[in-house]
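Whatever order the structure lists ligands and atoms in, that order sets their numbers, starting from 1. Starting from 1, each residue takes its place in the sequence as its number.
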Amino acid sequence: VNLAVDKSSAEPAYEQISRQIEELVRQGLLGPGARIPSIRQLAQRLGLANSTVAIAYDELAARRVIETRRGSGTFIAGEVDAPRKIDLSRGAGDGAAHDARPMNWEKYFFGSDFFGMPVGAKNQKLIRFTQASPDPALFPLERIKQVSASMLWTPQAFFFDRANPQGYQPLVEHIEKEMALAGVPMAAGQNDVILTGGFQRALSLLIDYLIRDGQKVAIEAPCFTQLLNLLIAKRVGYVPIPVDGQGMDTEYLAGVLARGEVQAVITIPTFHNPTGVCMSRERREHLLRLAEQYRVPVIEDDWGRLLRYEGEDDRPLKALDEGWYVIHIGSYSKCLLPGLRIGWITCPSAVAQQLVCAKLGADNSDSQFLQVLLHNFIEGSHFHRHIRHTVKQYRKRRDAMCDTLARCLPSGCRYRQPQGGFSVWLELPSHLRSMPLLKMARERGVDFFPAAFMMPDRYDTNALRLCFSRLKEEDIQRGTQVLCEVIADAMNNPGLLQGGFQQYEDLFI
Ligand SMILES: Cc1ncc(COP(=O)(O)O)c(C=O)c1O
């Protein structure tokens, strides 16, 4: 190996070494398995400290260019296969061919497929009304960078320790105060907060704790797709309860509970995803009376209460819960950063210690570093500023969509202007289905999720979800106008829908 180091260069000596070795590998002059000098030999040859060459070798090893075999030396590494991404749209894998009698994995396969992301529109330039998530352009990344840099500047060992399974205590206390401000009794012995890895981990923990083999839960129809994925993954059955303009139909639920069909109820009372509806006060009270009558827990998904654009603030259902039936789940995913994976459970104190034990067993604890980061971000008043700023932006986007719908939507269609959240639920005349319409819409440059993607039974209906949170106002206006034209064409000439998607599975072709 012929290497040279220019000690007068601005490029550090260790970088010169690693760069030259990589160059030799790239040119094929050093192939897999070729031995290279030991750290000591190379340091001596180049007149450098051992530690300089050691840094170069560490970097090369981290990039898998070289590997050290104990007792035999340092070599150019063999080629590593690129990791393969698992295709979620296809369900089961194909299994490799081997001589041995292969394991029969099929006996474990899920009876029903997961809801993947509908494909087909990936590479087209479309106005996508599909994503109900915060706009990355509004993420407070500079602030997050500042807060995390100051944490790393004076790192404290506890950041990197395992967290208390209940979560980083100052953040727990902050959320407890926020819950008390939202009307939930939070004095000692009333309710407690437990931090989790987002809503999904919180729900997973609760389902494991509350539901036994063969038991079922009541869910809303339509509903949040990830809820269905979680229940499918846990092999927990569900009974869909229709949602109308007042929220979950509690009369319907009463029948289901009376027949003993479900052992828990899961609901999104505020800014229901996907319909955007807030459950009426009467329905909330009815739901709590039913919980008391049938002694079933109610899990409240309160993902978006802070994303309110107008109207009176709904208190969480948990604030009305005098009999300790409600377990509330909150999340920072939609109002701050989905990638943080921080959510929380607010539960009656009577069950809190049990749930902390369940959490300890299930995942030990979450990332304390991220919980401290979030707490420092909140303490610096950045969180409330961020909410004020983003809610203003999202309100304008909601208005851009609803104003265009008000102007352009053909009569016979309906939508409800949501008071918060990220999406509008649009209903076509009852004889039209949203899935066949999707193909026409994509051909004209607009993408959306048809109702089938959010229905527990996957059947298509005359509804579709339009998300506005990640798009600029002009794109929202243009896309909504085009969609209205597509709907008008389909209403005037239903034959146009014949070549469209007909069933849920078609969305994945
Ligand atoms: C209805 C609903 N609940 C909860 C969440 C938050 O989930 P998580 O905290 O797991 O990101 C979302 C976000 O996608 C949502 O749409």
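Counted within 6.0 Å of CD on Gln169, heavy atoms from surrounding residues, nucleotides or ligands total more than 12; the atom is thus considered enclosed.
Using a 3.5 Å distance cut-off with no hydrogens or angles, the side chains of Ser434 and Asp460 do pair a donor with an acceptor. A donor-acceptor pair shorter than 3.5 Å can be found between the side chains of Lys234 and Ser204.
Ser469 contributes a side-chain N or O that, together with a main-chain N or O of Ser133, makes up a donor-acceptor pair within less than 3.5 Å. Distance alone, capped at 3.5 Å, is enough to place a donor-acceptor pair between the Thr225 side chain and the Phe453 backbone.
Closer than 4.0 angstrom to ligand 1 lie heavy atoms from Gly198, Phe199, Gln200, Phe224, Ile268, Asn273, Asp301, Trp303, Ser331, Ser333, Lys334, Arg341.
Under the salt bridge (Lys or Arg N to Asp or Glu O under 4.0 Å) criterion, Arg143 pairs with no residue, sequence neighbours left out.
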